[in-house]
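Read the structure below first, then the notes.
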Amino acid sequence: MSSDLAFALRGVSAAAGNTFALRDVTFALPTGYVMGLIGANGAGKTTTIRCLLGMYPIDAGEIELLGHRAPEPVALRQDVGVVLDHTYLVGDWRLVEVERTLRPFYNRWDGARYRQLLDEFGLDPRAKVKDLSRGMAMKLMIAVALSHQARLLILDEPTSGLDPVSRDELIGIVGDFLLDEGHSVLFSTHITSDLDRIGDYLTILHGGRVVRTGTKDEILEAYRVVRGGPDDLDDRVGVELIGVRRTQTGAQALVRTEEADLLSGDVLVEPPTLEEIAVHIGARVPHRDPDHRADRRQPDSSMSARRVA
Amino acid sequence: MTTVARMAVLDLRTVWPYRYYSLAVFGLGVLVFASRPMWMVPGLVLLFTSQIAPYPFNVADKAGLETLYAVLPLSRRSVLYGHYAWATACFVVTATAGTALALAFARVQAVPLGDRTLVPMLTLSWALFAVNIAIQFPLLVRFGYTRVSVLGTTLPLAAVVGTVYKLQLNMASIQNWLPLLGAAGVAAIVVSAAVATTVDRRRVRYGRSVSST
């Protein structure tokens, strides 16, 4: 076990009925960093998180969480804060009752911190959970996660459905959490702009497989976006075009950087944004055959990045 | 406090916002059995406990508390045993309050209600409660409250009441069976908890928790 890893998944596969929800998923996050988990709806982000939390059984592979191989000791959950895209508290509880209810389960529960966070987030302790807006509910879940002094924060699409102001606040809160070097974050989202600010590492999932994992810079460097006329991007270009999108006036696709030089001068080749990478990879029809190029690729899990202060 | 006890307290806090509904059910039971103090405790146990003990499953279904249980530092075994501890606590409170009320009503109505009646009454109540819960809980654990619905809580209750009626049970007829009834109740709970632990593994694998990707 590597104690310097916040978590690691190695060759994890998980079945869902007769198909695989995850297949041979491998990636890891060093302690002290933020990993963004991106992919379209149904890519396997939530399943990956559920496997990591032991809420979804795996059929193959190995999971390591905070230095313990799964199934990890139950006590390890003291160190993991979980924020999902929905609350999992009784709607009729008032926020003061949330604290009374959860406090007995956590050895390091800090009631003063909880009340301070409620105050900072503008949450009324007398309010009921069911009366909170979506943004407020997310803040409540983060307040809970931070009040038991978690070392690893796992957020599953916490920003989806939030207005830009709430999203910005939430990203700021996560940034503050990371001021402690022992803290790490796994942040699943399909809003890639969230990760522009705080993402150190990225893992791109598609069809239950890891398409690419590595530092944000490595992933941005791994692809190029190509633009051309409607007929410029077809099978004759000689390289694999990822997620081709055509309109009446032009076409756009993603290519691997090492193949970009093979393209003719008729097309425009540019560095992509995270959004473009996510969109083009998400636009691909999921390939389940093991011979697909992206599937054969060994996930790049080099850990050379340093967190950007 | 052990994790099982913490889980039982969590069940209490889960139903706490709905305490007025619980009190209404309890009050209804008291009214129904006010004229028959001897049957006050078995009646309250069947009417009140059979509705309130499974109520955390109902709230859990609506609020997604299975996710909370998975996130809290609690083993699945503690969660399941905590549900049984909560139900048993419900029985103890109901039996205690019911006994006090039965004695009060008996005194007002000048009905004799001594140890020879109270002990069989409480033992029978325990057995009825235990068999009812023993049937209900594995169903609730496996399928959840929503899928089991009202049938899952009323059918076991009807079966228990029907059995009592069929056997023509009364306080005199069960005098010789008290130790057996008490032990049968304990055995029913223990077996039920073991069954619930087994079926819970299937729920985790194929239940609601795996539906989302």
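To find a chain, count down the sequence lines: A is the first, B the second, and so on, and within it residues start at 1. Keep in mind that what you see is a predicted model, and the values were worked out from it rather than measured.
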*Does the pair B:Arg76 and B:Glu66 meet the rule for a salt bridge (Lys or Arg N to Asp or Glu O under 4.0 Å), with working shown?*
CA-CA 10 Å; B:Arg76 276 307 292 181; B:Glu66 284 295 333; 2.7 Å; yes

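- Aromatic ring centroids of B:Phe57 and B:Phe137 lie under 6.0 Å apart.
- Contact of B:Val71 with chain A is made through backbone and side chain together, with heavy-atom distances under 4.5 Å.
- Listed in order of number, the residues of residues 13-25 of chain B that approach chain A to under 4.5 Å between heavy atoms are B:Arg13, B:Thr14, B:Trp16, B:Pro17, B:Tyr18.
- In B:Arg107, the CZ atom is not crowded: 12 or fewer heavy atoms of neighbouring residues, nucleotides or ligands sit closer than 6.0 Å.
- B:Phe129 pairs in a side-chain contact (heavy atoms from CB on, under 4.5 Å) with only one of the listed residues (B:Val41, B:Val92, B:Ile189), which is B:Ile189.
- Distance check: A:Glu62 CD to A:Leu9 CG gives 10.0 Å after rounding to the nearest 0.5 Å.
- Tested against A:Pro158, the residues A:Ile142, A:Ile173, A:Leu170, A:Leu84 include a single side-chain contact (heavy atoms from CB on, under 4.5 Å) partner, A:Leu170.
- Put simply, of B:Leu74, B:Val9, B:Leu10, the one with the most heavy-atom pairs under 4.5 Å next to chain A is B:Leu74.
- Contacts of A:Arg100 with chain B are made by both backbone and side-chain atoms, with heavy-atom separations under 4.5 Å.
- B:His83 and B:Tyr69 have perpendicular rings, their planes meeting at more than 60° on a 0 to 90° scale where under 30° would count as parallel.
- Qualifying ring pair (Phe, Tyr, Trp, His ring centres under 6.0 Å) partners for A:Tyr88, counting only residues two or more places apart in sequence or in other chains: none.
- Neither the backbone nor the side chain of A:Thr48 comes within less than 4.5 Å of any heavy atom in chain B.
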